[in-house]
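We name chains A, B, ... by the order of the sequence lines, and we start the count at 1 in each one.
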Amino acid sequence: MDPVRTAVRVVVAEDDVLLREGLAGLLVRFGFAVPAAVGDADALLVAVAEHRPDLVLTDVRMPPGHTDEGLRAALRLRREHPDLAVVVLSQYVEHGAAADLLDSGAGRRVGYLLKDRVVDVEEFAGALRRVVDGGTVVDPEVVRQLLRRQRDPIDRLSAREREVLALVAEGRSNSAIARELVVSEAAVGKHVGNILAKLDLPPTDDANRRVLAVLAYLRQPGD
Amino acid sequence: MASPEPSVASAAAPHTAPAEPETVLAALSRPNFAFGRWLWRSLAYLLGTVPVVLAVGVPLGVLALPCAALAADGSGLERAGAALLAVALALACGPLLSAPVAMVERWRLRLVDARPVPRRPPAESPGRWLRSRYADPAAWRESADLALLVTVVPVLYTAVAVVLLLIGVLVAAPALVAGSDRPVSLGIGTASTVGQAIPYALVGLLAAPAAPWLVGLLAGGHGALTRALLAAGPDERLRAELVEVSRSRARLAAAFEAERRRIERDLHDGAQQRLVSLTLQLGLARLDLPPDSPAAHSVASAHRQAKELMVELRALIHDIRPQVLTDRGLATAVEELADRAGVPVTVDAALPARPPAHLEATAWFVVAEALTNVARHSDATRATVRLRRRGDALLVEVGDDGRGGAEPARGSGLTGLADRVAVADGRMFLSSPVGGPTLLSVELPWTPYEPPSG
């Protein structure tokens, strides 16, 4: 019992058996505990009530309707357990779903990722940890599409600044961005400062507050 | 019911006629008519007419009774009113009543006429049916058939029945006279003795062979009249064929659409999930191998290839039928298209409900093609997509602020679009003056796909 208590406890909901087992295996491999892995949204609600996990990892599309049962269960869990971290996996980007998640629980402890991301196992495990630690993780594809909605202030960003902005929106820290772009952390800090200034966002070093500000900015309807 | 096959049937008739007549009228010229099956069919047809006439004539007679009473007793004005009322009643009820009668008559016609009877295609809705009963010339011909059925037909049938009865009486005259002690009326004269009855019997015997032909003539004549009034003309046959062809095209399109859905589901629920799971396992396996070992390189390569395959399979499934369309419907799928488009797109979707699947697929295809065109040819800086339900139609509009001048003839995918819209029985309008803006507007009938019953 004791080793399980110290590990982050995750309830997995995914209707495909092979993938469910695969995800559970991945989680265990990276030191998470998986008290329950279920195949539909109702079972997910039951399992959360029973096991009180730290994190819920669920597919959007699940039986019986195969539309957005998983997402709706996730939103309900967010309302009922504000401290519960939730990561939703989707086959395709749907901004409505992403927005609903980000609007729940002030956008903290929440993640929206494309299902394909799970195959990059280390990054995926890292994203789950960031969410459990109170962060916000948004799929790069969502950010890419948000950035493509060309708007004035974003047009004024340089190519490098847009790259940095995308990574900020995905919830990366300055050091992670520096590693990704192979530049110094100081350079990243400068870029971030410039971006926030150009977009009229308050300067902050808190990575998560920054993510939420940038995401909120990107999600504004274009004119 | 056999589908109409007009040209084939009429062309083949002259060749098959010598071998086996197709109608009673054709069979009449055969010496063996009186002993053949056509006589029995004629009799059956004539006897079958009686209940039809009674079933239609009696209620009509009851309806007409007040008019007749007025006409008989009333003043001149009342008579005119009665006549007007009768005509109005006949015009109002006739076309409705004639539809089932015509159905029965067409069905009975096969007794005396083996050729297929081309029919008009059935109406698509009760409303259209009601309108066609008063507007369609074919419906009025059916009403004319009904009118003859309750007027001329009973008179002719009675006349023939009287003649047949007379022949019967004449032939049986000696027996009738022998069995009676008073003079017997034989229709064309009276006879008191068997001797007096013999000439009548001879006349009857001479006339008797004509009886089968009389029966055949009446049945054949009635049959020919029925065919003339109730069989669809060449125009209507063509129209019927056209309707059938376009319906079968719609059925095919719906079948293709169902098949695409099935393939998409199978690929998504099967191959795609397994591939993700396999790639995940390869990613995990890589972690457990010494970083620079040959095995780690192989597994890393396999992992990379599997990821590429995932991307390809996803694109393939998306091309077959986007999953977001199946799961979340047209509006969401169009928003997804807009997010992936080459230019900023504003989506304005206000649909009261999800359209039927085939409609969603067509509308999605229209938007996808139109946005591709916008990105490729228009130099537009922004585009708009509007989805609305207007009455019984799904309205899809794609506009852009580009340089216009789009022409279907120049192979910009607009022809394929028009074909796809036509299959769904829709209409496409394109306004694209040189210099822009361009507006593509498509109307698709919002009807559930119903497999035809017959």
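Atom-to-atom distance recorded for K115(A):NZ and Q273(B):CD is 4.0 Å, nearest 0.5 angstrom. Atom CG of residue L284(B) and atom CD of residue E122(A) lie 9.5 Å apart, to the nearest 0.5 angstrom. Distance check, rounded to the nearest 0.5 Å: CG of L19(A) to CD of Q281(B) gives 9.5 Å. Interatomic distance, L26(A) CG to L280(B) CG, rounded to the nearest 0.5 Å: 5.0 Å. Residue S277(B) holds its OG atom at 11.5 Å from CZ of R20(A), rounded to the nearest 0.5 Å.
If you measure heavy-atom distances from Q272(B) to chain A, the contacts under 4.5 Å come from the side chain alone. Of the atoms belonging to R314(B), it is side-chain heavy atoms, and not backbone ones, that fall under 4.5 Å from chain A. Heavy-atom distances place the side chain of E336(B), and not its backbone, under 4.5 Å from chain A. Within the 4.5 angstrom heavy-atom criterion, only backbone atoms of A341(B) (N, CA, C, O) approach chain A. Contact annotation for F30(A): only side-chain heavy atoms (C-beta onward) come within less than 4.5 Å of a heavy atom of chain B. Contacts between E141(A) and chain B at a heavy-atom distance below 4.5 Å are absent for every atom of the residue. When heavy atoms are compared at a cutoff of 4.5 Å, R304(B) does not approach chain A at all. Contacts between H268(B) and chain A at a heavy-atom distance below 4.5 Å involve the side chain alone, from C-beta outward. Residue L275(B): no heavy atom, backbone or side chain, is found under 4.5 Å from chain A.
The number of heavy-atom neighbours closer than 6.0 Å to CZ of R262(B), taken from other residues, nucleotides and ligands shown, is above 12. Environment of CZ in R108(A): crowded, with over 12 heavy atoms of neighbouring residues, nucleotides or ligands closer than 6.0 Å.
Contact of the V276(B) side chain with the V118(A) side chain is registered, since non-hydrogen atoms from C-beta on lie closer than 4.5 Å. Taking 4.5 Å as the limit, every side-chain heavy atom of T332(B) sits out of range of all side-chain heavy atoms of Y92(A).
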Practice prompt. Could you walk me through whether D339(B) and H95(A) pass side chain to side chain donor-acceptor pair (under 3.5 Å), step by step?
Written response: CA-CA 9 Å; D339(B) 282 327; H95(A) 289 284; 3.1 Å; yes
Discussion item. Does E335(B) form a side-chain contact (heavy atoms from CB on, under 4.5 Å) with E94(A)? I'd like the steps, not just the answer.
Written reply: CA-CA 8 Å; E335(B) 267 157 30; E94(A) 208 220 306; over 6 Å; no
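Checking side-chain atoms of H303(B) against main-chain N and O of V119(A) turns up a donor-acceptor pair under 3.5 Å.
With respect to R29(A) and D288(B), a salt bridge is recorded, a charged nitrogen being found less than 4.0 Å from a carboxylate O. With respect to D116(A) and K307(B), no salt bridge is recorded, no charged nitrogen being found less than 4.0 Å from a carboxylate O.
For the options V324(B), T279(B), V311(B), heavy-atom pairs under 4.5 Å to chain A are most numerous at V324(B).
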